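Structure first, commentary second.
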Amino acid sequence: MLTKAPRGTRDILPAETGMWQFFEEKVREVSRLFGYSEIRTPIFEHTELFLRGVGEVTDIVSKEMYTFTDRGQRSLTLRPEGTASVARAYLEHKMQGEAQPVKLYYVGPMFRYDRPQAGRYRQFHQYGVEVFGASDPTVDAEVIALPLSFFRSLGLKDFTLHINSVGCPKCRGEYRQQLQASLKEIVGELCKDCAERYDKNPMRILDCKNEQCQELTKDVPAQLELLCEECADHFAAVREALDALGESYIVNPRLVRGLDYYTKTAFEIMSSELGAQSTICGGGRYDHLLSTIGGPDVPGIGFAMGIERVLLAMEAAGVQPRADRGTDVFVATAGVAAAEALKVTLALRQAQVAADKDYLGRSLKAQLKYANRLGVRYLVILGAEEMQNGQATLRDMQTGEQETVTLAALTERVVALVREAK
RNA sequence: GUGGGUGUAGCUCAGCUGGUUAGAGCACCAGAUUGUGGCUCUGGGGGCCGUGGGUUCGAGUCCCAUCAUCCACCCCA
């Protein structure tokens with residue numbers, strides 16, 4: 001156990017960090033283009049924030065939170081998602097006083113006590129954005145268009161956008177009652193999970209994967225068909241905006257978002273490259289989240305993207321980040337000149353050349369072999385002969401050609417070669 | 001929380017119905033070449049066979065438990 005990362009966590013090793021860096025570069029690029037600024041909130045918050053913000057009856061809160069008590073007897077929770085924290089920061093720093101809308105993005109780890117699965121971890125990472133202070137449907141369209149554009153910039157193609165409207169507190173309450181009424185007679189025939197959902201979250205029954213449940217509920221009206229006028233108009237306007245952008249989508253009346261705070265627009269982007277956990281991005285509008293956690297009634301909308309899942313999809317799609325160039329030069333010694341080797345290595349580094357040397361007192365042959373494994377293009381050899389003449393041997397590992405250079409001219413010569421090789 | 005699969009060398013895996021000192025390929029180290037890598041050849045280091053218990057004269061192999069891991073459900077990114 002000592003030498004094993006905790007369940008559901010993992011190390012991102014050097015072989016993978018190139019992909020992560022590529023992803024993060026694209027995040028910054030696309031976010032900037034769309035007008036978002038980065039915010040970095042704490043990894044843990046008062047437990048109360050998630051209870052109120054995410055909703056006490058959600059699975060996330062009721063069974064997936066990493067909650068602990070600190071030495072001051074405060075109940076704290078490792079953040080299971082990003083929206084509540086960003087909303088809290090918006091209120092704490094009185095951003096309603098800044099120019100509206102406020103457009104923020106974040107990247108970082110989230111924590112949920114779940115059974116690990118393909119594309120699901122207990123510590124996972126999300127890229128998300130939030131827009132506060134704008135209820136216009138074109139904002140919804142922009143928040144949907146951003147991840148689509150982002151995925152394309154990563155080189156992904158096989159993904160599908162699903163959209164729906166989950167209504168507002170007004171029409172959702174009415175719908176829920178109607179739904180329960182129309183399900184009342186068949187609830188006994190539904191699967192075990194759906195029987196539980198009947199009281200807890202009846203909207204989810206329509207989303208059940210069980211074939212019998214699908215069959216039994218196929219004529220039950222969805223929320224989408226019973227929206228109030230305001231919500232219906234809003235949804236129509238979002239569709240219009242997406243159409244104008246030329247984005248195709250599937251209207252999925254059975255798409256339900258798990259978190260309490262969602263209103264009106266809900267959407268998911270699914271990758272066809274993945275297994276069961278195929279949702280790579282999910283989001284929607286949350287017009288009453290701010291007031292729920294004690295702020296003014298400022299509308300909001302955002303999305304969250306699962307980075308591990310997107311990386312998995314990229315891998316499946318064969319996307320390759322540009323390879324890291326690594327070390328340019330290796331400084332080898334032949335028995336003597338250990339001090340000179342360090343001096344030469346540091347001089348090269350100072351000249352912006354990635355240089356490394358042997359630290360194990362290995363034979364020249366072993367150093368060559370090591371340099372070869374590093375994929376180094378040039379090798380500097382410092383031996384007794386060279387030292388006597390104040391020179392160094394410079395070897396091109398690719399062609400095998402060698403030249404003799406004076407120590408005084410060595411750095412300049414290497415810089416020229418490396419620049420040429422780029 | 002529920003169900004199923006899998007745990008043998010650093011990695012990928014063999015190990016037939018339980019039977020001698022547990023193997024291969026790749027990787028690693030060394031030598032062939034006492035100052036020159038990649039290819040080749042030769043040699044070498046490495047394994048509480050996940051862990052604990054049981055059955056048996058004998059367990060990597062069979063049984064139970066446990067842990068880990070993978071996949072799926074629930075739910076979600």
Side-chain angles (χ1 to χ4, degrees), chain A residues 1 3-10 15 54 57-64 79-83 107-128 147 191-197 200-201 204 207-210 255-259 262 267-271 274-284 302-313 330 332-337 360 362-387 392-402:
Chain A
M1 292 300 272
T3 53
K4 179 84 187 73
R7 178 159 217 209
T9 69
R10 63 193 203 104
V54 179
V57 301
T58 60
D59 278 41
I60 289 181
V61 168
S62 63
K63 56 184 211 191
E64 295 175 4
R79 63 183 185 192
E81 55 104 53
T83 302
V107 189
M110 306 292 165
F111 306 84
R112 291 185 200 170
Y113 189 88
D114 240 356
R115 258 318 253 272
Q117 199 179 316
R120 171 192 288 168
Y121 304 92
R122 289 185 173 179
Q123 175 176 339
F124 63 105
H125 298 76
Q126 288 187 328
Y127 159 40
C191 71
K192 192 169 60 81
D193 290 324
C194 282
E196 260 176 60
R197 289 176 181 131
K200 221 172 85 183
N201 193 349
R204 283 234 163 262
D207 200 29
C208 184
K209 284 173 193 159
N210 184 299
L255 172 70
V256 182
R257 306 265 62 224
L259 281 39
Y262 284 110
F267 70 97
E268 273 184 26
I269 301 170
M270 328 265 230
S271 166
L274 268 33
Q277 310 303 323
S278 61
T279 301
I280 50 179
C281 179
F303 71 75
M305 185 182 292
I307 300 182
E308 281 83 357
R309 287 186 190 177
V310 175
L311 258 30
L312 243 34
F330 189 85
T333 53
V336 295
L360 302 176
R362 280 183 285 209
S363 67
L364 180 63
K365 184 190 168 86
Q367 292 178 63
L368 269 282
K369 204 169 170 176
Y370 179 70
N372 190 55
R373 280 211 52 171
L374 289 182
V376 166
R377 174 71 189 268
Y378 298 101
L379 187 83
V380 171
I381 300 172
L382 303 173
E385 246 173 70
E386 287 87 349
M387 288 300 94
T393 300
L394 191 50
R395 177 181 179 84
D396 183 330
M397 296 291 278
Q398 220 166 74
T399 64
E401 283 167 27
Q402 297 195 171

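Chain letters run A, B, ... following the sequence lines, proteins first, then strands; residues in each count from 1. If you're wondering where the values come from, they're calculated on a predicted model, not measured in any experiment.
Closest to the side chain of A:R309, out of B:C28, B:A77, B:A72, is B:A77. Closest to the side chain of A:L368, from the set B:G37, B:G35, B:A77, is B:G37. If you check B:A30, B:C73, B:A27 against the side chain of A:A366, the one that comes closest is B:A30. You'll find that the side chain of A:K4 is closest to B:A68, out of B:U2, B:C74, B:A68. Looking at the side chain of A:R120, the nearest of the listed nucleotides B:G35, B:C75, B:C73 is B:C75.
Comparing B:G58 with B:G44, their P atoms are spaced 35 Å from each other, to the whole Å. Here the separation of B:G46 from B:A9, taken at their P atoms, is 15 Å to the nearest Å.
Listed by chain and residue number, nothing satisfies the ring-ring contact (aromatic ring centres under 6.0 Å, His included) test with A:Y262 (two or more places apart in sequence, or in another chain). Here A:A276 pairs with A:Q117 under the side chain to side chain contact (heavy atoms under 4.5 Å, CB included) rule; sequence neighbours left out. Shown here are the ring-ring contact (aromatic ring centres under 6.0 Å, His included) partners of A:F330, two or more places apart in sequence or in another chain: A:Y370.
On a pure distance criterion of 3.5 Å, a polar donor-acceptor pair joins the side chain of A:Q402 and the base of B:U36. Interface remark: the A:Q367 side chain does not form any donor-acceptor pair with the B:G35 base, using a distance-only criterion of under 3.5 Å.
RNA chain B contains the following stems of three or more consecutive Watson-Crick or G-U pairs, with both distances under 3.5 Å: B:1-7 with B:67-73, B:10-13 with B:23-26, B:28-32 with B:40-44, B:50-54 with B:62-66.
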Protein-nucleotides 38-48 of chain B N/O pairs closer than 3.5 Å?
unit_1 : atom_1 : unit_2 : atom_2 : d
B:G38  : O4'    : A:N372 : ND2    : 3.2

Would you tabulate the pairs of protein nitrogen or oxygen atoms and nucleotide nitrogen or oxygen atoms of nucleotides 8-13 of chain B closer than 3.5 angstrom?
none

